[in-house]
Number of protein chains: 4
Amino acid sequence: MTGEGTTSASAGAPAERRGRPRSPAVDTAVVETVLRLLEDGVGVAELSMERIAREAGVGKATVYRRWAGKEALMLDVLRSLDEAVPGPAGACVRDDLVALLEFLRRRGLAKRSSAVLRTVVAQVQARPALWAEYHDTVVAARREAFEAVLRRGMASGEIRADLDTELLTDLFVSPMLSRALFHEWRELPEGLSERIVDTLLEGVRPA
Amino acid sequence: MTGEGTTSASAGAPAERRGRPRSPAVDTAVVETVLRLLEDGVGVAELSMERIAREAGVGKATVYRRWAGKEALMLDVLRSLDEAVPGPAGACVRDDLVALLEFLRRRGLAKRSSAVLRTVVAQVQARPALWAEYHDTVVAARREAFEAVLRRGMASGEIRADLDTELLTDLFVSPMLSRALFHEWRELPEGLSERIVDTLLEGVRPA
Amino acid sequence: MTGEGTTSASAGAPAERRGRPRSPAVDTAVVETVLRLLEDGVGVAELSMERIAREAGVGKATVYRRWAGKEALMLDVLRSLDEAVPGPAGACVRDDLVALLEFLRRRGLAKRSSAVLRTVVAQVQARPALWAEYHDTVVAARREAFEAVLRRGMASGEIRADLDTELLTDLFVSPMLSRALFHEWRELPEGLSERIVDTLLEGVRPA
Amino acid sequence: MTGEGTTSASAGAPAERRGRPRSPAVDTAVVETVLRLLEDGVGVAELSMERIAREAGVGKATVYRRWAGKEALMLDVLRSLDEAVPGPAGACVRDDLVALLEFLRRRGLAKRSSAVLRTVVAQVQARPALWAEYHDTVVAARREAFEAVLRRGMASGEIRADLDTELLTDLFVSPMLSRALFHEWRELPEGLSERIVDTLLEGVRPA
DNA sequence: AGGTAATCGAGACGGTACGTCGTGTCTTCAC
DNA sequence: GTGAAGACACGACGTACCGTCTCGATTACCT
């Protein structure tokens with residue numbers, strides 16, 4: 001968990017707060033409750049604000065004081081699951097790419113994450129700001145990690161230099177992503193990362 | 001468009017119909033109304049069964065007589081947008097693959113389609129039967145078209161024969177799919193199909 | 001049972017009927033079904049036209065072809081329970097009055113009858129024609145029987161001649177009637193008729 | 001008017017109130033709306049909870065939070081029309097009885113009251129608890145007033161002491177009651193109270 | 001015998017209301 | 001001012017019933 005951030009601006013101004021300060025326990029309790037419910041197999045559709053507040057033992061108004069709605073809350077839940085991507089530690093670019101995909105498979109697209117992610121996807125065109133928020137804080141970092149590895153590979157001659165790193169990132173990431181979105185109920189299999197990376201590196205046309 | 005299909009079993013038995021038959025005009029009116037509303041920018045979230053029935057000039061019970069819920073209806077809407085994929089017409093396998101991706105870009109992932117598709121994605125784990133239904137009737141046909149072309153390429157020596165066609169299909173399709181899901185608000189650019197196919201064919205490693 | 005009468009005008013004109021004639025079995029089946037349901041303790045509120053038709057094994061439209069609505073049907077049900085009041089058979093006017101009240105207690109206000117009667121009462125101001133119909137065909141005959149006895153008593157000197165027979169009828173009948181309407185769930189007790197008649201005859205003021 | 005009472009237990013315990021208290025304005029608004037609609041000639045049958053809530057500018061759930069259903073609401077409406085019966089003020093028992101009947105004629109059975117009363121009658125066997133509630137809070141008080149006068153008359157020798165006050169009350173009240181129920185559309189005529197009382201006092205048999 | 005026509009059971013149809021639930025706001029008291 | 005609690009107006013949910021309307025099948029009269 002990395003803190004809420006969405007509403008509590010934590011900006012430079014002291015903001016002159018008065019009265020009783022907000023209990024950080026509430027933030028924790030709410031997010032944890034959502035995760036627990038998801039873990040228990042409660043679909044995101046059955047997750048009403050009403051129920052979340054009730055099960056968290058928290059007033060509904062208190063929830064709305066922190067998050068603008070269910071989607072904003074879900075975003076913070078998703079962010080609370082975020083972890084720093086591993087730095088480049090492999091001997092070669094191929095190993096770094098595999099490591100990044102493995103991280104995605106094991107952490108970023110685990111059962112809980114993709115359940116929440118699906119809700120966020122469903123809101124893409126209805127609430128663009130929401131998706132932008134998620135993209136800037138979570139997705140961008142992961143993509144940047146990919147692109148850094150790819151640029152390094154281009155410099156070292158391990159990757160063709162005439163290709164767009166953005167498109168390449170899509171080629172590497174999206175097969176795993178769409179599998180997670182469309183049939184996550186079965187775990188992503190081991191070895192998938194290696195097969196994707198190697199196939200992309202070698203190409204599909206016979207040598 | 002292949003008709004509704006969900007309820008009309010199209011089985012062999014004459015089914016001994018009694019009472020007033022269901023009006024096909026209702027099926028049409030409802031699906032058309034949903035499409036019109038989506039076209040008008042009404043988000044899928046604002047699409048209540050109540051409103052659909054009201055705007056279609058149809059009783060709510062009549063809608064529920066045909067579809068078990070909003071998701072089932074959306075599925076049929078999605079199916080109504082389905083078109084037969086183009087047969088292999090290109091000179092080479094590369095051209096056929098590009099044609100299939102182009103079809104996906106222009107038809108299968110147009111604004112309307114991907115709006116509904118996002119709803120289906122959001123329901124994947126909540127109602128697996130729904131997704132299975134959609135997969136079997138729409139997705140499977142498209143994937144089969146891809147795999148047929150790939151098998152043909154393997155036979156003719158244009159595609160490496162040591163690869164899994166299922167994984168290959170994912171590699172070709174998912175970059176476009178995830179772009180449509182995550183930022184459909186900007187149209188998928190021209191030339192994307194060719195870039196994906198060619199990059200995959202050649203491989204990312206320098207020759 | 002005295003026949004439906006409400007809709008089948010049975011007027012003088014031959015009315016030139018063509019096509020399949022209405023099955024008298026339907027009238028019977030419907031009315032009997034209502035009575036059976038009432039007998040089974042089904043409240044009049046739960047008696048929907050839908051359910052009546054279903055349980056009678058009859059099409060809904062067929063029911064509506066005969067009766068304009070639930071109230072009209074109930075009226076016919078009530079009429080089917082009607083019986084001819086006993087003629088004056090007693091030795092004196094007092095005995096005739098008791099006999100009439102006893103008839104009312106045992107027949108006219110039995111459990112079934114008063115259940116239906118309550119429905120009709122509830123419709124008094126909403127559908128005055130309905131009540132008028134019931135009054136003219138059933139109530140009037142009973143009141144006339146009372147008034148005839150009273151007039152005979154006035155002639156013979158057994159009843160004060162300076163009173164209005166209409167008011168007198170109310171005085172005799174309404175105590176039993178309102179008991180039946182307001183707490184029919186307990187049977188009207190034996191001996192009630194005699195107590196009412198004798199108290200009214202003697203008067204409440206000490207002799 | 002004695003307040004709602006159905007839900008407000010008025011018990012001894014302070015009941016530890018939490019959360020926002022119920023707005024008394026809602027109770028008022030709803031009951032007033034029902035009365036207004038009845039006044040406007042809207043039949044009790046057309047009075048749906050939906051419509052009542054809509055016209056009262058109140059949420060449907062708010063109505064159901066206070067009353068279990070239409071019947072319970074109607075009961076409170078009926079109770080809101082209740083007034084304290086006049087105390088014994090006449091010179092003699094005969095005058096007190098006339099006064100009580102006059103009160104019933106002018107207040108208790110006015111147009112509005114008997115419209116609602118008919119609904120209650122229709123619900124008697126379906127919901128006995130409802131009737132019991134109404135009987136205990138409204139009817140009992142009125143009957144008790146009658147019986148008190150009658151007992152006083154018995155003590156003073158103005159009324160025969162060998163009669164059951166309960167039956168006597170029925171004899172006095174029910175003629176007016178059943179007239180109100182069966183043909184309220186015409187107002188109960190002036191002088192009716194006196195005629196009923198005097199006839200009952202003198203008796204029907206010639207002196 | 002064949003035609004015409006109103007009937008039958010069945011059930012779809014557009015509506016309206018039911019009673020419940022969720023949304024986001026508000027109002028109370030306690031801290 | 002924040003906390004839990006819960007009332008509030010609003011609107012959607014999925015079901016039931018209303019009274020009307022097709023369906024194919026039946027059942028009489030009238031050629």
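All values below come from the heavy atoms of this structure, side chains included, with hydrogens, waters and symmetry mates left out. Quick note on labels: first sequence line is chain A, next is B, and so on, each numbered from 1.
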- Message: Just verifying a value: how many Å separate Trp67(D) CH2 and Thr62(D) OG1, rounded to the nearest 0.5 Å?
- Response: 10.0 Å
- Message: Which nucleotide wins on minimum distance to the side chain of Arg65(A), given the candidates dG14(F), dG3(F), dT7(E)?
- Response: dG3(F)
- Message: Can you tell me how far apart CZ (Arg36(A)) and OG1 (Thr33(A)) are? Round to the nearest 0.5 Å.
- Response: 5.5 Å
- Name the nucleic acid region contacted by Ala53(C), choosing base, sugar-phosphate or nothing; use a 4.0 angstrom heavy-atom cut-off, strictly under. nothing
- Task: Round to the nearest Å and state the distance from Arg18(D) atom CZ to dC26(E) atom P.
- Result: 23 Å
- For the pair Arg54(C) and Glu50(C), find out whether any cationic side-chain nitrogen is under 4.0 Å from an anionic carboxylate oxygen. no
- Item | Spacing of CD belonging to Glu55(A) relative to OG belonging to Ser48(A), to within rounding of 0.5 Å | 9.0 Å
- Query: Tyr64(C) or Gly57(D): which one's nearest nucleotide on DNA chain F is closer to the 5' end?
  - Reply: Gly57(D)
- Message: Side chains of Leu75(B) and Glu133(B), heavy atoms from C-beta outward: is any pair under 4.5 Å?
- Response: yes
- Note on the structure: Under a 4.0 Å heavy-atom cutoff, the residues of residues 38-47 of chain D touching DNA chain F are none
- Message: How many whole angstroms separate atom CD of Glu50(B) from atom P of dA17(E)?
- Response: 13 Å
- Task: State which of dC21(F), dA17(E), dC18(F) makes the closest approach to the side chain of Ala61(C).
- Result: dC21(F)
- Mind calculating the distance between CH2 (Trp67(D)) and P (dG19(E)) to the nearest angstrom? 14 Å
- Message: What's Lys60(B) touching, base or sugar-phosphate or nothing? Going by heavy atoms closer than 4.0 Å.
- Response: base
- Query: Quick one: Ile52(A) CD1 to dG24(E) P, roughly how many Å, whole number?
  - Reply: 11 Å
- Query: Relative to the 5' end of DNA chain F, which residue comes earlier, Arg51(B) or Arg20(D), by the nucleotide with the nearest heavy atom?
  - Reply: Arg20(D)
- Query: Would you say a side-chain N or O of Arg22(A) is under 4.0 Å from OP1 or OP2 of dT2(F)?
  - Reply: yes
- Hey, what do you get for CG (Leu117(B)) to CE (Met74(B)), rounding to the nearest 0.5 Å? 12.5 Å
- How close or far is atom P of dG22(E) from atom CG of Leu73(A), stated in whole angstroms? 16 Å
- How far does CG of Leu37(C) sit from CD of Glu46(C), to the nearest 0.5 angstrom? 10.0 Å
- Query: Of Gly19(C) and Met49(D), whose nearest nucleotide on DNA chain E comes first from the 5' end?
  - Reply: Gly19(C)
- Query: Only one of Leu78(C), Val44(C), Leu47(C) forms a side-chain contact (heavy atoms from CB on, under 4.5 Å) with Thr119(C), so which one is it?
  - Reply: Val44(C)
- Message: So if I take every side-chain heavy atom of Ser48(B) and compare against dA17(E), dC23(F), dC13(F), which nucleotide ends up nearest?
- Response: dC13(F)
- Message: Looking at dG14(E), I'd like to know if its phosphate oxygens (OP1 or OP2) sit under 4.0 Å from a side-chain N or O belonging to Thr62(B).
- Response: yes
- Note on the structure: By nearest-heavy-atom nucleotide on DNA chain E, the more 5' of Val26(B) and Ala68(D) is Val26(B)
- Message: Just to be sure I understand the rule, does Gly69(B) reach a base, reach only the sugar-phosphate, or reach nothing, if contact means heavy atoms closer than 4.0 Å?
- Response: nothing
- Message: Counting only side-chain nitrogens and oxygens, does Arg54(D) get under 4.0 Å of the OP1 or OP2 atom of dA17(E)?
- Response: yes
- Message: Can you tell me if Arg66(A) touches the phosphate of dG3(F), counting only side-chain N or O atoms and a distance under 4.0 Å to OP1 or OP2?
- Response: yes
